[in-house]
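The structure presented is a predicted model; accordingly, all values stated were derived computationally and were not measured. Per chain, numbering begins at 1; letters A, B, ... match sequence-line order.
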Amino acid sequence: MTTGFQKALDRVTRVRGVRGAMLVAGDDGLVVAESLMEGVRGNALAALAASLAKRFRRASETAACGLPQFIHLQASQGSLLAAPAPSGMLLVVVAEADINVGLARLEMLKAGEAIA
Amino acid sequence: MTQTRAVEPWTLDPLQHFVGESAARLALLTTTSGQVIAQHGFTRAVDVMSAAALGAAIAASTSEIIRMLQEPAFRMLSHQGQSHGIFLARFGTPRGPMLALVVYGGDSSIGLVQLFFEQFTRDLAAACPAPEPAKPVLAADFERDLHESLAALFGR
Amino acid sequence: MTDDVRALSAELARDPGSLVFVALGEALRVRGRLDAAAKVALAGLEHHPNLADGHDLYARIVADAGDVERAADEWSIALALDPHHAGAHKGLGFANFQRGDLDAALEHLELALAADPTDQSTVQALHAVRQAAQQAASDPGAGASVERPAVFAGLEGADSGLLLVDPQGRVLAGGLRAQGGPDVAEEVAAYLAGVSQEADRSARLLELGEWRWIMAEGDAGHLHLSAPSASALLLLVRDKSVPSGRLAILAARAAEVARRWLEGQTL
């Protein structure tokens with residue numbers, strides 16, 4: 001199963017501008033599997049992305065928009081992307097600010113399906 | 001408004017920062033024998049003393065199992081309940097090993113607690129004054145220390 | 001220092017184990033001196049850890065300071081010590097009402113009234129919560145007629161899908177309805193404060209620079225959150241048929257309108 005996770009992450013990290021991808025236990029914010037460039041703090045990425053997704057989910061569900069299927073945080077020097085994965089996991093990507101988000105999103109959704 | 005108090009004043013700032021970042025509901029810093037160094041969120045001394053004793057006992061019994069398995073020393077345990085999680089960790093400081101017992105709710109996670117706990121241990125190490133020479137421990141000292149600790153922890 | 005606080009303080013100084021700490025803490029609380037009240041309550045609880053009134057007092061102090069969850073914990077302790085404590089039931093009624101759990105709020109308020117049938121404030125609270133529960137049951141859209149500045153007039157979804165809030169999660173302008181139904185502006189605004197704080201922290205700790213916006217595609221709708229100024233957050237909500245690129249354009253237009261309005265407010 002771990003190899004399956006790794007293959008799915010590798011697929012996402014092949015997108016230009018992606019600095020790291022990881023599977024995170026959504027409720028716990030702990031790393032399940034990761035494929036990160038040097039310098040990316042995996043535990044921080046996992047904990048913070050899961051917390052952000054959890055907080056955004058409350059707002060989204062209260063606004064009757066349902067469970068977020070894709071979250072994109074755009075910052076001045078980078079991007080953070082997150083999508084739900086099977087078994088309560090979250091697929092998280094950290095990338096350059098000018099990443100092709102459409103392509104990354106597509107690969108993330110495919111990776112999510114591959115894990116299922 | 002919830003109070004953070006410390007017997008050892010140098011632990012106060014790191015603990016307040018940790019609690020603020022991790023959104024911990026309760027936090028207790030003790031020696032490995034359960035002597036309280038600082039606390040956040042407890043309103044009753046009886047709860048603090050019980051939690052300190054239980055935390056030290058859990059760490060000691062887990063350490064013993066770990067020793068039997070010939071594994072490296074005890075570092076941390078966590079339990080996720082329905083509405084609260086518990087995190088217990090042993091870590092080193094220039095003043096010797098310490099235990100941290102943290103209770104968090106749904107607005108936090110074990111990932112966030114662990115993340116900011118790493119920073120907390122670094123902050124404690126940086127804030128720790130030079131070690132004092134060891135003194136003999138007498139029963140009378142222990143009783144006095146206990147009362148002084150309670151006074152510091154609850155502002156009496 | 002007023003006379004009653006002075007007299008109570010003197011009494012407590014004479015006898016630190018006295019139960020007068022409850023009256024002193026309450027006197028300080030009603031005067032808004034919450035730090036002093038908390039010190040008195042915590043010191044009193046040291047002498048009387050099993051006094052339900054002491055936990056009720058500390059709960060009211062932390063509730064006044066805005067920490068309703070912590071207050072609920074303390075009221076729960078008070079109830080564990082005295083299952084018929086009217087103040088603790090009333091407090092938990094308040095805490096559950098704040099959380100939107102009207103059934104639990106009603107249950108606690110009814111128990112509070114049973115414990116002290118003469119407390120008029122409980123009667124009034126019970127009446128208000130029953131009305132809110134009836135309203136929620138009969139008309140989910142009721143209570144939506146809050147007057148808010150028409151900042152986004154002329155923009156699509158001006159009062160149902162555009163919400164301007166301050167960093168503390170209070171609504172400044174606009175409106176938000178869940179699928180065009182009930183007004184959820186206040187509730188969503190409260191959550192947005194936490195989202196923005198987490199976005200700030202994530203961007204900082206992951207070295208991503210300053211966050212500019214967050215976009216989420218939900219099962220049933222899309223959301224776009226940005227910060228048109230340091231003192232405001234803007235949420236745009238649209239049906240899922242609106243593509244994310246168009247969402248960003250709409251959000252940029254609304255942010256410009258919000259910025260102009262905010263500048264006008266500070267003049």
Heavy-atom count check: over 12 atoms from other residues, nucleotides or ligands less than 6.0 Å from B:Arg75 CZ? no
Do any of residues 204-216 of chain C come closer than 4.5 Å to chain B, heavy atom to heavy atom, and if so which ones, in number order? C:Arg204, C:Leu205
For the CD atom on B:Gln16, are there more than 12 heavy atoms of other groups (residues, nucleotides or ligands in this structure) within a distance under 6.0 Å? yes
Rounded to the nearest 0.5 Å, what separation is found between the CG atom of B:Asp47 and the CG atom of C:Leu45? 10.0 Å
Are there residues of residues 109-118 of chain B that reach to under 4.5 Å of chain C by heavy atoms, and which ones? B:Leu112, B:Phe116
Interatomic distance, C:His55 atom NE2 to B:Thr43 atom OG1 [nearest 0.5 angstrom]: 5.0 Å
C:His84, NE2: over 12 other non-hydrogen atoms inside 6.0 angstrom: no
Applying a strict 4.5 Å limit to non-hydrogen atoms, the region of C:Glu74 in contact with chain B is side chain
Greater than 12 external heavy atoms within 6.0 Å of C:His48's NE2: yes
Could you give the distance from CZ (B:Arg25) to CG (C:Asp73), rounded to the nearest 0.5 Å? 4.5 Å
